[in-house]
Amino acid sequence: MPNNQTRKLVHSSVVIVLFTIIMLITFYVPLVSIVAMGFALLPIAWLAATYDRANAIVVAIIASSITFIYGGIIMLLTSIVFAVAGLVIGDAIRNKKSKIYLFMSTGLALLFTFSILYIALAKFFNLDFVKISQEIAKTSYEQSIKMAEQFPLQQPVTRESLDEAFRLMEAALPSTIIISAFLLAFVLISINLPLLKRFKIDVPKFAPFKMMRLPRAVLWYYLIVLSISMFVRPEVGTFLYIIILNASVVLWLLLTLQGLSFIFFLLDEYKSPSFLKGLVVIIAIPLYSFIILLGIIDLGFNMREYVKGKIHKK
């Protein structure tokens, strides 16, 4: 028992040091900061997967607090984002949760901590990154319009259409943040799970992308949203309009992924060259409507079993 406690204390101390060093590299070493950011949650995740939750939380609080000494409140808030993500990943692994639970909980944790970070920066430092980025984009577009007006053969973008585009971007902001949080969760999980496995942590395995199957309830959600868009037609700027717009963006992305998964499945079943998958992803950008249709067909009908049956008959 004393040996276990001593080992836990030593490991906790090492994790605090490693986490602090990685965060310092993330903030003060520009060339490798992005790489370091990908591994920032690794020490906390390993500790949370190895030892009890209470110990991991205490270590995460201490490690984040130490970063405040070297980088102030902004570094502290950023450290909290990665520390919480590491706690969630490690705790899910230690409790033998499924890969879907791991992904969803990490995405929600990032979304929650992003919200805290945004509110804190806006309140204490008067830094609203959303408004700043919108102003930069708007200024850039206005300069482009002025340049376009100098070329008579080119039809410039009107200010009305520009304002409409920015209103649309502002309304779609919630879905953009949600998608970004879950995309970051996927990237962090993809980077850190293989490393945790090398440290002899039993991590959940993710099925191949071609086996992705969304719940059929997604179809009903899409049908409801589509029906409201077509028949109710909420007025631009209303609360219902914002909800429908953001729900549409998320559902379009999910169905696009489902459609790509079905294409990957077909390519593997017919033993097609691997480079075709990359080509399909590139083509999917301009043909996203067709990919969404494939995703709907894949969810609504048992097309995969039909394809397997056709291949086995040959």
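Being a predicted model, the structure only gives us computed values, none of them experimental. Worth knowing before you read on, the calculation uses all heavy atoms, side chains too, and leaves out hydrogens, waters and symmetry mates.
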K.L.:
In sequence, state the C-alpha distance, the side-chain angles, and the governing distance for Leu110 and Leu188, and then conclude on side chain to side chain contact (heavy atoms under 4.5 Å, CB included).
P.N.:
CA-CA 11 Å; Leu110 287 173; Leu188 292 176; 4.2 Å; yes
K.L.:
Using every non-hydrogen atom in the two residues, find where Ala83 and Ile44 come nearest and quote the distance to one decimal.
P.N.:
O-CG2, 3.6 Å
K.L.:
What salt bridge (charged side-chain N to carboxylate O under 4.0 Å, His left out) pairs are there with at least one residue in residues 45-61, not counting sequence neighbours?
P.N.:
Lys8-Asp52, Arg53-Asp91
K.L.:
Do Ser261 and Asp298 have side-chain N/O donor and acceptor atoms under 3.5 Å apart?
P.N.:
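On atom types as modelled, these side chains do not qualify, holding no pair under 3.5 Å.
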K.L.:
With a 4.5 Å cut-off on side-chain heavy-atom distances among I, L, V, M, F, W and Y, is there a chain of contacts connecting Met230 to Leu223?
P.N.:
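Each belongs to a different hydrophobic cluster.
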K.L.:
Within a 6.0 Å radius of atom CZ on Phe114, are there more than 12 heavy atoms belonging to other residues, nucleotides or ligands?
P.N.:
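Counting neighbours around CZ of Phe114, more than 12 heavy atoms of other residues, nucleotides or ligands fall under 6.0 Å, so yes.
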K.L.:
Specify the closest pair of heavy atoms between Ser64 and Leu76, including all atoms of both residues, with the distance to one decimal.
P.N.:
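So the two residues come closest at O-CD1, 3.1 Å.
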K.L.:
Evaluate whether atom CZ of Arg213 has more than 12 neighbouring non-hydrogen atoms of other residues, nucleotides or ligands under 6.0 angstrom away.
P.N.:
yes
K.L.:
Mark yes when over 12 heavy atoms from residues, nucleotides or ligands other than Tyr221 sit less than 6.0 Å from its OH; otherwise mark no.
P.N.:
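No, not enclosed.
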K.L.:
Please report the shortest heavy-atom distance between Leu77 and Ala120, naming the atom on each side.
P.N.:
CD1-CB, 3.7 Å
K.L.:
Yes or no on side chain to side chain contact (heavy atoms under 4.5 Å, CB included) for Phe82 and Met37, after CA distance, side-chain angles and deciding distance?
P.N.:
CA-CA 9 Å; Phe82 290 104; Met37 197 177 297; 3.0 Å; yes
K.L.:
Would you say the side-chain atoms of Gln258 pair up with the backbone N or O of Leu299, donor to acceptor, closer than 3.5 Å?
P.N.:
no
K.L.:
For Leu102 and Leu193: C-alpha separation, side-chain torsions, deciding distance, then whether side chain to side chain contact (heavy atoms under 4.5 Å, CB included) applies.
P.N.:
CA-CA 11 Å; Leu102 178 63; Leu193 253 59; 3.8 Å; yes
K.L.:
Please say whether more than 12 non-hydrogen atoms of neighbouring residues, nucleotides or ligands are located less than 6.0 Å from CZ in Phe112.
P.N.:
no
K.L.:
Is the shortest heavy-atom distance from the side chain of Lys205 to the side chain of Lys99 under 4.5 Å?
P.N.:
no
K.L.:
Do the side chains of Leu18 and Ile61 join up, straight or via other hydrophobic residues, at under 4.5 Å, putting them in one cluster?
P.N.:
no
K.L.:
Does any part of the side chain of Glu235, heavy atoms only, come nearer than 4.5 Å to the side chain of Tyr241, both counted from C-beta?
P.N.:
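In short, these two side chains do not touch, never coming nearer than 4.5 Å.
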K.L.:
Given the rule in the side chain to side chain contact (heavy atoms under 4.5 Å, CB included) test, do Ser79 and Phe68 qualify, once you have shown the distances and angles that lead to the verdict?
P.N.:
CA-CA 9 Å; Ser79 299; Phe68 173 73; over 6 Å; no
K.L.:
Under 30°, 30 to 60°, or over 60°: which ring-plane class applies to Trp46 and His11, parallel, tilted or perpendicular?
P.N.:
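Perpendicular.
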K.L.:
State yes or no: do Ile22 and Ile80 share one hydrophobic cluster built from I, L, V, M, F, W and Y residues joined by side-chain heavy-atom distances below 4.5 Å, directly or via other members?
P.N.:
no
